[in-house]
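The structure appears below as structure tokens.
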Amino acid sequence: DNLVQLERLHIAQNKLTDIGTGLEKLVKLRILDLGMNRIRRIEGLETLVNLKELWLGKNKITEIEGLSTLKNLIRISIQ
């Protein structure tokens with residue numbers, strides 16, 4: 001609950017295999033960097049309506065869902 005004001009979150013290179021839970025509370029988040037992990041499914045980001053940048057490069061993505069609510073998203077990297 002202490003992190004609800006967070007606007008930037010960089011958790012690249014942490015060997016994450018999924019996004020998990022907890023991010024849905026970070027509704028003020030503008031930049032999310034999940035690059036260089038082992039994430040296969042991108043999901044559970046629907047509540048991050050202020051997100052402008054989403055960095056997903058160098059993961060093992062096979063499925064992406066739930067980004068249609070992110071109307072402020074201007075940059076996404078999935079290379």
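- Within 6.0 Å of CD in Q79 there are 12 or fewer heavy atoms belonging to other residues, nucleotides or ligands.
- In this structure, the separation between CD on E43 and CD on E63 is 7.0 Å, given to the nearest 0.5 Å.
- No donor-acceptor pair under 3.5 Å is formed between the side chain of S77 and the backbone N or O of L56.
- A donor-acceptor contact shorter than 3.5 Å links the side chain of D18 to the backbone of G20.
- Separation of atoms CG (L45) and OG (S68) is listed at 11.5 Å; rounding is to 0.5 Å.
- Between L54 and I31 there is no side-chain heavy-atom pair separated by less than 4.5 Å.
- V27 and L34 are assigned to two separate hydrophobic clusters, defined by single-linkage of ILVMFWY side chains at heavy-atom distances under 4.5 Å.
- In this structure the side chain of R41 reaches within 4.5 angstrom of the side chain of E65, judged on heavy atoms.
- When atom types are taken as modelled, the side chain of N59 and the backbone of N37 share a donor-acceptor pair closer than 3.5 angstrom.
- Rounding to the nearest 0.5 angstrom, the gap separating the CD atom in E53 from the CG atom in L29 is 11.0 Å.
- Of the inter-residue distances, the one linking N50 atom CG with K71 atom NZ reads 14.0 Å to the nearest 0.5 angstrom.
- A 4.5 Å side-chain heavy-atom check between L26 and L9 finds at least one atom pair inside the cut-off.
- Using a 4.5 Å cut-off on side-chain heavy atoms (C-beta onward), L48 and L32 make contact.
- Side-chain contact between I19 and I39 is present, with at least one heavy-atom pair separated by less than 4.5 Å.
- In the hydrophobic cluster analysis, where Ile, Leu, Val, Met, Phe, Trp and Tyr join through side-chain heavy atoms closer than 4.5 angstrom, M36 is grouped apart from L23.
- Two different hydrophobic clusters hold W55 and I11 under the rule that ILVMFWY side chains link at heavy-atom gaps under 4.5 Å.
- Salt-bridge formation is not detected for the pair K28/E7: no Lys NZ or Arg NE/NH1/NH2 atom is positioned less than 4.0 Å from an Asp or Glu carboxylate oxygen.
- Considering CD1 of I61 and CZ of R38, their distance stands at 14.5 Å, rounded to 0.5 Å.
- L67 and V49 are assigned to two separate hydrophobic clusters, defined by single-linkage of ILVMFWY side chains at heavy-atom distances under 4.5 Å.
- Sparse packing is recorded around CD1 of I78, with 12 or fewer heavy atoms of other residues, nucleotides or ligands lying under 6.0 Å away.
- Contact annotation: the side chain of N72 never approaches that of L51 to less than 4.5 Å [non-hydrogen atoms, C-beta and beyond].
- Residues that satisfy the salt bridge (Lys or Arg N to Asp or Glu O under 4.0 Å) test with R8, not counting sequence neighbours, are absent from this structure.
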